[in-house]
Visitor: 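My structure is below; once you've seen it, I'll send some questions.
All values reported here derive from a predicted model rather than from experimental measurement.
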Amino acid sequence: MFKKAVEAKAQQRLSGADRKKLKRTIRDRFPRASDADIDALLPPKAEITVSKFQNRVHVYGVEGGFPLFFNVDGRGSEIYPTVFALWKLPEMLPYFMLKGGEVSRFVIGGADLMFPGISVAAEGLPSFSAGEPWAVKVPGNPAPIAVGSTTMSSAEALKAGLRGKALRIMHYYHLCRESVEGHYVPNSGFLEDVVLEDPCFLASNQPSDSSEGATCESDVPDVQQSCVNNENTEGSIDVNGAISDACAASMQNDSENAAKEITTDASDLKSTANVDAAKLDIELSSLSIEDIDSHLDRCLLQALHTTVKDKDLPMPGSTLWSNHVLPCRPSGITLDIKKSSHKKLSKWLQAKTSTGLITVKEDKYKKEAMLISVNRGHPEYLEFKPEKRPVEKVVQAGDSAASESHSQKVLEVVEVYKSSVHVNPIFASVGADTGKLYSASEATDIVFKYIEKENLVKQTNKATVVLDATLCDALFKGAIKKGSTYPTEIHKKDLGATFINRMQAHHMVTRGGESVVRKGVLKTVQIMTERRQGNKKVTKVSGLETFLIDPEALASELQKKFACSTTVAELPGWFIA
C-alpha cells in the first residue's frame with residue numbers, strides 16, 4: 001500500500017557515441033517518427049542525460065527538462081517514450097482508443113488495459129504483434145494518457161474473443177489528489193485542480209480549441225480502487241516511480257518560484273478590480289452578434305497587415321488566433337468566438353476563405369485548420385487602414401525607486417547566434433555583418449531575405465523553398481552522409497531552425513548592470529542530493545557562475561535561511577570563460 005520514494009543511483013550526460021546510439025535505437029523502434037521529429041525531442045546541440053535506478057530502469061531526457069524515454073531492462077532493447085514525449089509527438093506510436101472516462105480512471109490509476117475497455121473501429125481491430133509499444137488515448141483528446149506493451153497479438157486477441165489483458169501499462173499520467181483521482185474530461189485535459197498539482201502536464205499539453213461541449217463525470221471513484229490497481233501491477237518494474245522522481249527534480253525550483261510570484265501578485269490586488277470586472281461584463285453583454293463579428297474581421301485585418309508575415313505561413317489556426325488576432329483587439333474588449341455567429345474558429349476561417357481574403361486548409365494529421373496564404377490584393381485588405389498603437393509606459397513617481405531596485409535584480413538570458421563558415425555566403429549575399437550576434441528571429445530574417453533576393457520560393461507551392469547551390473551548402477554541407485543525395489527543396493517551417501543550427505550558438509546573461517556573452521548553449525544549474533551517514537543528506541549545487549551568481553554570497557544566504565552549514569568548493573574541470 002505504501003511505497004518508498006525512488007532515487008537515482010547515478011545520473012550522467014551521454015557522450016557523442018551514446019547519443020547517436022540512442023537516436024538510432026529510437027529510429028529503429030519507432031518508424032513513425034522521422035529524423036526531424038527525433039531532433040525536435042532530442043535537439044542535436046542539447047545535453048542529454050540518463051538517470052539509472054536500482055530496478056535497472058534508465059530514464060533519458062534533455063538536461064533540465066522532462067523525461068522523454070525510458071529503458072526497462074537497461075540494455076536498450078525495450079525502450080519506450082514517456083507520456084511527456086507523446087504529448088509533443090502524439091503520432092509516434094499507434095494507439096488504442098478508450099470507450100470513455102469510466103475506463104480511463106482505471107488506466108491513470110495504474111491498472112493494465114483490458115480488451116473490453118477498447119473502442120474498436122468499424123473496420124475492425126488493428127493488426128499488432130505481442131510486445132509492441134502502443135499508446136492509450138481518450139475520445140476527443142490527442143494527448144495520450146498512458147503507454148505500454150501489448151501482451152498478445154491481434155490474431156490471438158480475436159481467438160480469445162477480445163477478452164483479457166491488451167496492454168501492460170509501463171508509464172501513465174498519474175493523478176495526485178484522492179478527491180478527484182481518476183477523473184478525465186474529454187476534449188479538455190485534466191481537471192483544473194489536477195493540472196495545478198502537476199506542472200508537467202501544464203507545461204507540455206494545452207487543451208485544444210475543440211473542447212466545447214465537454215462534460216465531467218461527477219461520480220468520484222472509491223479509494224479502494226487503488227488496491228485493485230496495486231494488485232494488477234504487483235511485481236512489475238516501477239517505471240512510473242523512476243520517471244516521477246526524475247520529473248520532480250526538474251520541477252522543484254520552478255514550483256517554488258511560481259508560488260512566491262503568486263503570493264507577491266496576490267498581495268498587490270486592489271479592490272477596484274471588482275468594479276472594473278463588473279464594467280467589463282456590462283460592456284460585453286451589450287455587444288451584439290454583429291458587433292462581435294465586426295470586431296473579429298477588423299482584428300484579423302489588423303493582424304494580416306501588422307504581424308502575419310508570408311514567411312510564417314502555413315500557420316495553425318490556433319496560433320493565428322492566440323498570437324495575432326487576440327493581441328489586435330481594442331482596449332477593454334474581450335473577443336469570444338463562441339459568442340459570434342460562427343461559433344467555432346474553423347468555421348470563421350472557412351467563411352473568410354469563401355470571400356477570397358485568405359486560404360485555409362485542414363491538416364489531415366492534426367485535424368486543425370491551417371492558414372496557407374493571404375490574398376494581399378483583396379479589396380478588403382487594400383481598403384483597410386491598420387491602426388498604429390503606440391505603447392505607453394506610465395511610471396508613477398512613488399514607484400520609481402521600487403522599479404529601479406527591482407531592475408537591478410532582474411536576470412535576463414538571451415540566446416544569440418553568430419555567423420559560421422557554413423552560412424557566411426548567405427550573410428555576404430544580403431550584406432549582413434558576419435561578426436555580429438543575432439537573435440533567432442533576426443537570423444531567420446536574413447535567410448528569408450536571401451530567398452526573396454534569389455526568388456527561390458516554389459511557384460506551385462508557396463510553402464516550399466527551392467534550394468540553390470549556395471543555400472544547399474549552407475544548410476546541409478557536411479551534415480549529409482557520403483553517398484546520400486542532397487535535398488532540392490525544404491519547407492518554410494523547417495528552414496529557420498535548420499539555418500540557425502548551422503550558426504554558432506552563444507548566450508547573453510545580464511543581471512543588473514553586469515552582462516556577459518559566452519559561446520555555446522546555456523548550461524543549467526545542477527542540483528543533486530547525496531545520502532551520507534545514515535539518513536543525513538547533502539545537497540550539491542553547481543553552475544551558478546553561468547547566471548552571474550556569487551557562490552559565496554548564495555552560500556551565506558542559504559546558511560541563514562535554512563539554518564544549516566554550507567561550504568563552497570571548486571569543481572575539477574569547471575571553467576567559466
Visitor: Would Leu467 and Thr488 count as a side-chain contact (heavy atoms from CB on, under 4.5 Å) if you check the C-alpha gap in whole Å, the side-chain angles of each, and the deciding distance to 0.1 Å?
Guide: CA-CA 5 Å; Leu467 299 178; Thr488 58; 5.7 Å; no
Visitor: Here's a test for you: under side-chain contact (heavy atoms from CB on, under 4.5 Å), which of Leu22, Ile26, Asp28 qualifies with Arg24?
Guide: Asp28
Visitor: Might you work through the ring-ring contact (aromatic ring centres under 6.0 Å, His included) test for Trp134 and Tyr95, ending with a clear yes or no?
Guide: CA-CA 5 Å; Trp134 278 63; Tyr95 61 89; 8.0 Å; no
Visitor: Is there a donor-acceptor pair closer than 3.5 Å between any side-chain N or O of Ser429 and the backbone N or O of Pro425?
Guide: no
Visitor: Would you check if Val465 and Lys492 make a side-chain contact, meaning some heavy-atom pair closer than 4.5 Å?
Guide: yes
Visitor: Please walk me through it: do Asp112 and Tyr172 pass side chain to side chain donor-acceptor pair (under 3.5 Å)?
Guide: CA-CA 10 Å; Asp112 292 333; Tyr172 58 90; over 6 Å; no
Visitor: Counting N and O atoms only, with roles assigned by atom type, does the side chain of Asp37 sit under 3.5 Å from a partner on the main chain of Ser34, one being a donor and the other an acceptor?
Guide: yes
Visitor: Would you find a donor on one side and an acceptor on the other, under 3.5 Å apart, between the side chain of Trp87 and the backbone of Pro144?
Guide: yes
Visitor: Please walk me through it: do Leu93 and Arg32 pass side-chain contact (heavy atoms from CB on, under 4.5 Å)?
Guide: CA-CA 7 Å; Leu93 292 181; Arg32 287 169 167 249; 5.7 Å; no
Visitor: Counting C-beta onward and ignoring hydrogens, is there a side-chain heavy-atom pair between Leu349 and Trp321 closer than 4.5 Å?
Guide: no
Visitor: For atom CD of Glu362, is the number of surrounding heavy atoms from other residues, nucleotides or ligands below 6.0 Å larger than 12?
Guide: yes
Visitor: Just do the ring-ring contact (aromatic ring centres under 6.0 Å, His included) check on Tyr60 and Phe69 with the steps written out, would you?
Guide: CA-CA 5 Å; Tyr60 302 91; Phe69 295 92; 7.9 Å; no
Visitor: Does the Asn375 side chain pair with the main chain of Ile358, one donor and one acceptor, at a distance under 3.5 Å?
Guide: no
Visitor: Apply side chain to side chain donor-acceptor pair (under 3.5 Å) to the pair Thr82 and His171, showing each step before the final yes or no.
Guide: CA-CA 6 Å; Thr82 65; His171 186 220; 4.7 Å; no
Visitor: With side-chain contact (heavy atoms from CB on, under 4.5 Å) as the criterion, how do Val147 and Val136 come out once you've worked through the C-alpha distance, each side chain's angles and the decisive distance to 0.1 Å?
Guide: CA-CA 6 Å; Val147 61; Val136 180; over 6 Å; no
Visitor: Think Arg29 forms a cation-pi with Tyr80, using NZ or CZ under 6.0 Å from the six-ring centre and within 45 degrees of its axis?
Guide: yes
Visitor: For Ser294, which residues count as a side chain to side chain donor-acceptor pair (under 3.5 Å) partner, sequence neighbours excluded?
Guide: none
Visitor: Do Glu132 and Ser149 pass the side chain to side chain donor-acceptor pair (under 3.5 Å) test, and can you show the C-alpha distance, the side-chain angles, and the key distance before you say yes or no?
Guide: CA-CA 5 Å; Glu132 289 185 357; Ser149 175; over 6 Å; no
Visitor: For Lys462, run the side-chain contact (heavy atoms from CB on, under 4.5 Å) check against Thr359, Val457, Ile372 and tell me which one passes.
Guide: Val457
Visitor: How are the rings of Trp348 and His342 set relative to one another: parallel (under 30°), tilted (30 to 60°) or perpendicular (over 60°)?
Guide: tilted
Visitor: Can you list the residues that meet the side chain to side chain contact (heavy atoms under 4.5 Å, CB included) rule with Pro116, with sequence neighbours excluded?
Guide: Met114, Arg163
Visitor: Given 3.5 Å as the limit, does a donor-acceptor pair link the side chain of Thr306 with the main chain of Gln302, or not?
Guide: yes
Visitor: Testing Lys23, Lys45, Arg27 one by one against Asp39 for a salt bridge (charged side-chain N to carboxylate O under 4.0 Å, His left out), which residue passes?
Guide: Lys23
Visitor: For the pair Glu442 (side chain) and Ser439 (backbone), establish whether a donor and an acceptor sit closer than 3.5 Å, ignoring hydrogens and angles.
Guide: yes
Visitor: Is there a donor-acceptor pair closer than 3.5 Å between any side-chain N or O of Lys449 and the backbone N or O of Phe427?
Guide: no
Visitor: For a quick test of reading the model, state the closest non-hydrogen atom pair linking Ala33 to Ile38 and the distance between them.
Guide: CB-CG1, 4.2 Å
Visitor: Scan the side chains in residues 495-506 for donor-acceptor partners under 3.5 Å anywhere in the protein, sequence neighbours excluded, and list what turns up.
Guide:
residue, atom, partner, partner atom, Å
Thr498, OG1, Asp494, O, 2.7
Asn501, ND2, Ala497, O, 3.1
Arg502, NE, Ala474, O, 2.9
Arg502, NE, Leu475, O, 3.3
Arg502, NH1, Lys477, O, 3.3
Arg502, NH2, His422, ND1, 3.1
Arg502, NH2, Lys477, O, 2.4
His506, ND1, Gln504, O, 3.2

Visitor: Suppose the criterion is salt bridge (Lys or Arg N to Asp or Glu O under 4.0 Å): which pairs have a residue in residues 297-310, not counting sequence neighbours?
Guide: Asp297-Lys352, Arg298-Glu387, Asp310-Arg376
Visitor: Could you check if a side-chain atom of Ile118 sits within less than 4.5 angstrom of a side-chain atom of Met97, using non-hydrogen atoms only?
Guide: no
Visitor: Provide the closest heavy-atom pair for Cys299 versus Pro330 in the form atom of the first, atom of the second, distance.
Guide: SG-CD, 4.1 Å
Visitor: Which atom pair, heavy atoms only, marks the closest approach of Ile169 to Ala111?
Guide: CG1-O, 3.4 Å
Visitor: The criterion is ring pair (Phe, Tyr, Trp, His ring centres under 6.0 Å); which residues satisfy it with Phe384, sequence neighbours excluded?
Guide: His305
Visitor: Between the main-chain N or O of Ala440 and the side-chain N or O of Thr444, is there a donor-acceptor pair closer than 3.5 Å?
Guide: yes
Visitor: Counting distance only, does the side-chain N/O of Thr150 pair as donor-acceptor with the main-chain N or O of Ser129 below 3.5 Å?
Guide: yes
Visitor: Measuring from atom CD1 of Ile337 to atom CG of Leu296, what distance do you get when rounded to the nearest 0.5 angstrom?
Guide: 4.5 Å
Visitor: What are the two closest non-hydrogen atoms of Leu167 and Gly148, and how far apart are they?
Guide: CD1-C, 3.7 Å
Visitor: Would you indicate whether Glu415, at its atom CD, is surrounded by more than 12 heavy atoms from other residues, nucleotides or ligands within a distance under 6.0 Å?
Guide: no
Visitor: Does the His491 side chain pair with the main chain of Lys493, one donor and one acceptor, at a distance under 3.5 Å?
Guide: yes
Visitor: I'd like to check the ring pair (Phe, Tyr, Trp, His ring centres under 6.0 Å) partners of Phe476; sequence neighbours left out, ordered by chain and number.
Guide: none
